[in-house]
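See below for the structure under consideration.
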Amino acid sequence: MKPMKQVITRFPPSPTGFLHVGNARTAVFNWLYARHMQGKFVLRIEDTDRQRSTQKAIDVIFESLEWLGIDWDEGPFYQTQRLDIYNEYLEKLIQSGHAYYCTCTPEEIEAMRKKAMASGGKPRYDGTCRDKDLAKTENAVVRFKAPQVGTTVVEDVIKGNIVFQNDELDDFVLVRGDGIPTYNFAVVIDDITMNVNTVIRGDDHVMNTPKQMLIYKAVSSPLPVFGHVPMVLGKDRTRFSKRHGAVSVTAYRDMGYLPDAMLNYLVRLGWSHGDQEFFSRDELINVFDIEHIGRSAGVFDPEKLLALNADHIQATPTVELFKPLSPFLIKHGINIEEGPDAQSVIETLKPRSKTLKDMAEQAIFYYADDITYEEQAAQKFLKPAALEPMRVLTDQLEVLGEFTEKNLEDAFKATMEQTGLKLGKIAQPVRVALTGKTASPGIFEIISIIGKDRVISRLKKAICFIEGLDG
RNA sequence: GGUCCCAUCGUCUAGUGGUUAGGACGCCGGCCUCUCACGCCGGUAACGGGGGUUCGAAUCCCCCUGGGAUCACCA
């Protein structure tokens, strides 16, 4: 039995800014596939564009990947540190006649483009230096001697076969005048030397693929499996960008999204597993496959991501929420270690929170020393009519022993009997007194969590507030 | 413009010749109820158009239309 070759995928971002969610999605696909196949996932930083690459951007890539829970088995590799390797292959290509030096200046290239366009032709390199067999000189670039006849067919595992006429390709540049390889050359050599055999990348690379295949062929290396995933679009069906809203992975982290929700959403945008919408991380690793990646572009829908995030918040064990929630609480001056029992607090907020940020905001009243009443709420409920039930309830609570659900219910029942009011009439003013708002978790829940002393002091404060209205 | 890709509810999608075209988000009702959520029940809404092939097409073929990608010494 022939052993299956181990799958090796990769993610090669260029560090020129933040990590775009669209890019993150292809990282996720590659990572999931490697994990699913028990293969390897390599990270490579494509920093050959020296003008635009920054260390800051590199850090953001690590930060984003780590937050998403995407780990790599090899790398990070940096292309700028691999120049010797590219040179080695370049020599081979020149020796074997697959590449040649070209001394045409950018101005000359531009001129030939214009000329070609004017005569209705294609804007491509005209092959001036193709057969001159020039030696290396200062500022000379190296071009690939592309075949001018025949076809190159990309066997795409997602899109199927794509046929390209070789005469559509021109002698593209492999190495720039400054000795830095261009993208198409560097990727191929990297993928070959890193043993990458499965290349899943964005749709926008389809046109590069035949060029790259030609290089593989020229250096006699076996081709990897190619799969091009469709783009992520914005609401107006153009490439998803800032105009459409938040696009960086870290932005979603900062808005209080859970990494698992992000992962789930990103995968589900362009891949499916029957009718299933919700996936845990492990589940994804188990069932992910390339076969079910769709062929058409998808619109990024923040609403659905939000809904999915709410689902993941609910599905996450409460204790696992402490850590990710904490930074959001701190922004409101709340330390999760102090005050009411965090476990209970979060439990009451889970079904009501779409994001962690949202949850933190709703948690404020549990910890606050002073409750400020929302104007509308106070106006509607903290009025003289609420005075009696609040006083009666306060008395009831003061003599109450333990604040259990049962005890509290009894206290409210007694209050209802004494005042002849229904629960709703009593609970709403109390809710405003305790939270400042008209909406909150269940009244018994919050009373027991906030605790006797604080509850009574808040009730008394509210009573004073109402009395103050008269005088 | 050349080349290439794509096309099921508003959005993400299931569907691989015979289904009342399913699910999810959103939206709209209802139930639950101490408020708000959650949950549950129900509803709204799609095969871009035209030709074929076939007893029968969302599914296969062609054309049109529409969208997208790409045409660098960027990646």
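Chain naming here is simple, since letters A, B, ... match the order of the sequence lines and numbering starts at 1 in each. Since the structure is predicted, the reported quantities are computational estimates derived from the model, not experimental observations.
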Touch class at under 4.0 angstrom, heavy-atom based, for T238(A) against every strand present: sugar-phosphate

Do NZ/NE/NH1/NH2 and the carboxylate oxygens of D190(A) and R10(A) come within less than 4.0 Å? no

Within the 4.0 Å heavy-atom criterion, would you say R124(A) contacts the bases, only the backbone, or no part of the nucleic acid? nothing

Which of these nucleotides, rU3(B), rC34(B), rA75(B), is closest to any side-chain atom of A427(A)? rC34(B)

How would you label the contact of S440(A) with the nucleic acid (heavy atoms, under 4.0 Å): base, sugar-phosphate, or nothing? base

Please state the P separation for the pair rU70(B) and rU54(B) - nearest whole angstrom. 42 Å

Where the side chain of K122(A) is defined as all heavy atoms beyond and including C-beta, which of rG39(B), rG10(B), rG2(B) is the nearest nucleotide? rG2(B)

Please confirm whether K461(A) makes a cation-pi placement over Y373(A), using NZ or CZ under 6.0 Å from the six-membered ring centre and within 45° of the ring normal. yes

Rounded C1' spacing from rG29(B) to rU44(B) in Å: 10 Å

rA75(B) base to D204(A) side chain: any donor-acceptor pair below 3.5 Å? no

Give one of base, sugar-phosphate or nothing for G442(A), where a contact means two heavy atoms less than 4.0 Å apart. base

Pairing partner of rU3(B) (Watson-Crick or G-U wobble, both distances under 3.5 Å): rA69(B)

Counterpart base for rA75(B), defined by Watson-Crick or G-U wobble contacts under 3.5 Å: none

Candidate nucleotides rA24(B), rC4(B), rA14(B), ranked by approach to the side chain of E277(A) - the nearest: rA24(B)

Assigned partner base of rC27(B), Watson-Crick or wobble definition, under 3.5 Å: rG43(B)

Whole angstroms only, please: what is the CG-C1' distance between D358(A) and rC36(B)? 12 Å

Taking only the side-chain nitrogens and oxygens of R352(A), find out if one of them lies under 4.0 Å from OP1 or OP2 of rU35(B). no

What nucleotide, of rA69(B), rU13(B), rU3(B), holds the atom closest to the side chain of R239(A)? rA69(B)

Ion pair present between K406(A) and D410(A), side-chain N to carboxylate O less than 4.0 angstrom? yes

No-H, no-angle donor-acceptor pair, K159(A) side chain to rC5(B) base, under 3.5 Å: no

Are the side chain of H292(A) and the backbone of G274(A) linked by a donor-acceptor contact shorter than 3.5 Å? no

Of the candidates rU11(B), rC73(B), rU35(B), the side chain of Q428(A) sits closest to rU35(B)

Please give the distance between the C1' atoms of rC9(B) and rA46(B) as a whole number of Å. 4 Å

Donor-acceptor side-chain pairing of T238(A) and D236(A) below 3.5 angstrom: yes

What is the separation between atom CG on L434(A) and atom P on rU35(B), rounded to the nearest whole Å? 16 Å

Is R295(A) touching bases, backbone alone, or none of the nucleic acid, heavy atoms closer than 4.0 Å? sugar-phosphate

At under 4.0 Å between heavy atoms, what does C104(A) touch on the DNA or RNA strands: base, sugar-phosphate, or nothing? base

Does rU19(B) have a Watson-Crick or wobble mate here (both distances under 3.5 Å), and if so which one? none

Please report, rounded to the nearest Å, how far the C1' atom of rC12(B) is from the CZ atom of R25(A). 11 Å

Touch check for E303(A), heavy atoms < 4.0 angstrom, all strands: base, sugar-phosphate only, or nothing? sugar-phosphate

Determine the contact category for L423(A): base if any of its heavy atoms lies under 4.0 Å from a base atom, sugar-phosphate if only primed atoms, P, OP1 or OP2 are that close, otherwise nothing. base

Separation of atom CZ in F278(A) from atom P in rA24(B), rounded to whole Å: 15 Å

Report the distance from atom CZ of F381(A) to atom C1' of rU35(B), rounded to the nearest whole Å. 8 Å

Using the C1' atom in both, what is the distance from rA14(B) to rC71(B), to the nearest Å? 36 Å

Just checking P13(A): base, sugar-phosphate only, or nothing, at a heavy-atom cut-off of under 4.0 Å? nothing

Donor-acceptor pair, distance only, cut-off 3.5 Å: does the side chain of T9(A) make one with the backbone of N30(A)? yes

Of T438(A) and I158(A), whose nearest nucleotide on RNA chain B comes first from the 5' end? I158(A)

Near-ring test F11(A)/W31(A), centroid separation under 6.0 angstrom: no

Need one value for G294(A): base, sugar-phosphate or nothing, where a base atom within 4.0 Å counts as base even if backbone is also close, heavy atoms only. nothing

Separation of Y183(A) atom OH from rC71(B) atom P, in whole Å? 11 Å

So what does R113(A) touch, heavy atoms closer than 4.0 Å: a base, only the sugar-phosphate, or nothing? sugar-phosphate

E409(A) has an atom CD; how far is it from atom P of rU33(B), in whole Å? 13 Å

By the Watson-Crick or G-U definition, both distances under 3.5 Å, rC9(B) is matched with none

Whole-Å gap separating C1' (rC71(B)) and CD (Q212(A)): 15 Å

Counting side-chain heavy atoms from C-beta on, which of rG2(B), rC34(B), rG68(B) comes nearest to I443(A)? rC34(B)

Under 4.0 Å, heavy atoms only, any strand: does V141(A) hit a base, just the sugar-phosphate, or nothing? base

Which listed nucleotide (rG39(B), rC6(B), rC25(B)) is nearest to the side chain of S296(A)? rC6(B)

Between T105(A) and V299(A), which is nearer to the 5' end of RNA chain B once each is assigned its nearest nucleotide? V299(A)

Among rA75(B), rU35(B), rG68(B), find the nucleotide with the atom closest to the side chain of N184(A). rA75(B)

Taking only side-chain nitrogens and oxygens of T182(A), does any of them come within less than 4.0 Å of OP1 or OP2 of rC73(B)? no

Please determine whether a side-chain nitrogen of the Lys or Arg among E110(A) and R113(A) lies less than 4.0 Å from a carboxylate oxygen of the Asp or Glu. yes

What contact category does D178(A) fall into here, base, sugar-phosphate, or nothing, at under 4.0 angstrom with non-hydrogen atoms? nothing

Donor-acceptor contact below 3.5 Å, side chain D171(A) vs main chain A146(A): yes

Could you work out which one of rG39(B), rU11(B), rA75(B) sits closest to the side chain of S14(A)? rA75(B)

Scan H228(A) against the nucleic acid and name what it touches under 4.0 Å (heavy atoms): base, sugar-phosphate only, or nothing. nothing

From the candidates rU11(B), rA37(B), rA14(B), the one with an atom nearest any side-chain atom of R237(A) is rU11(B)

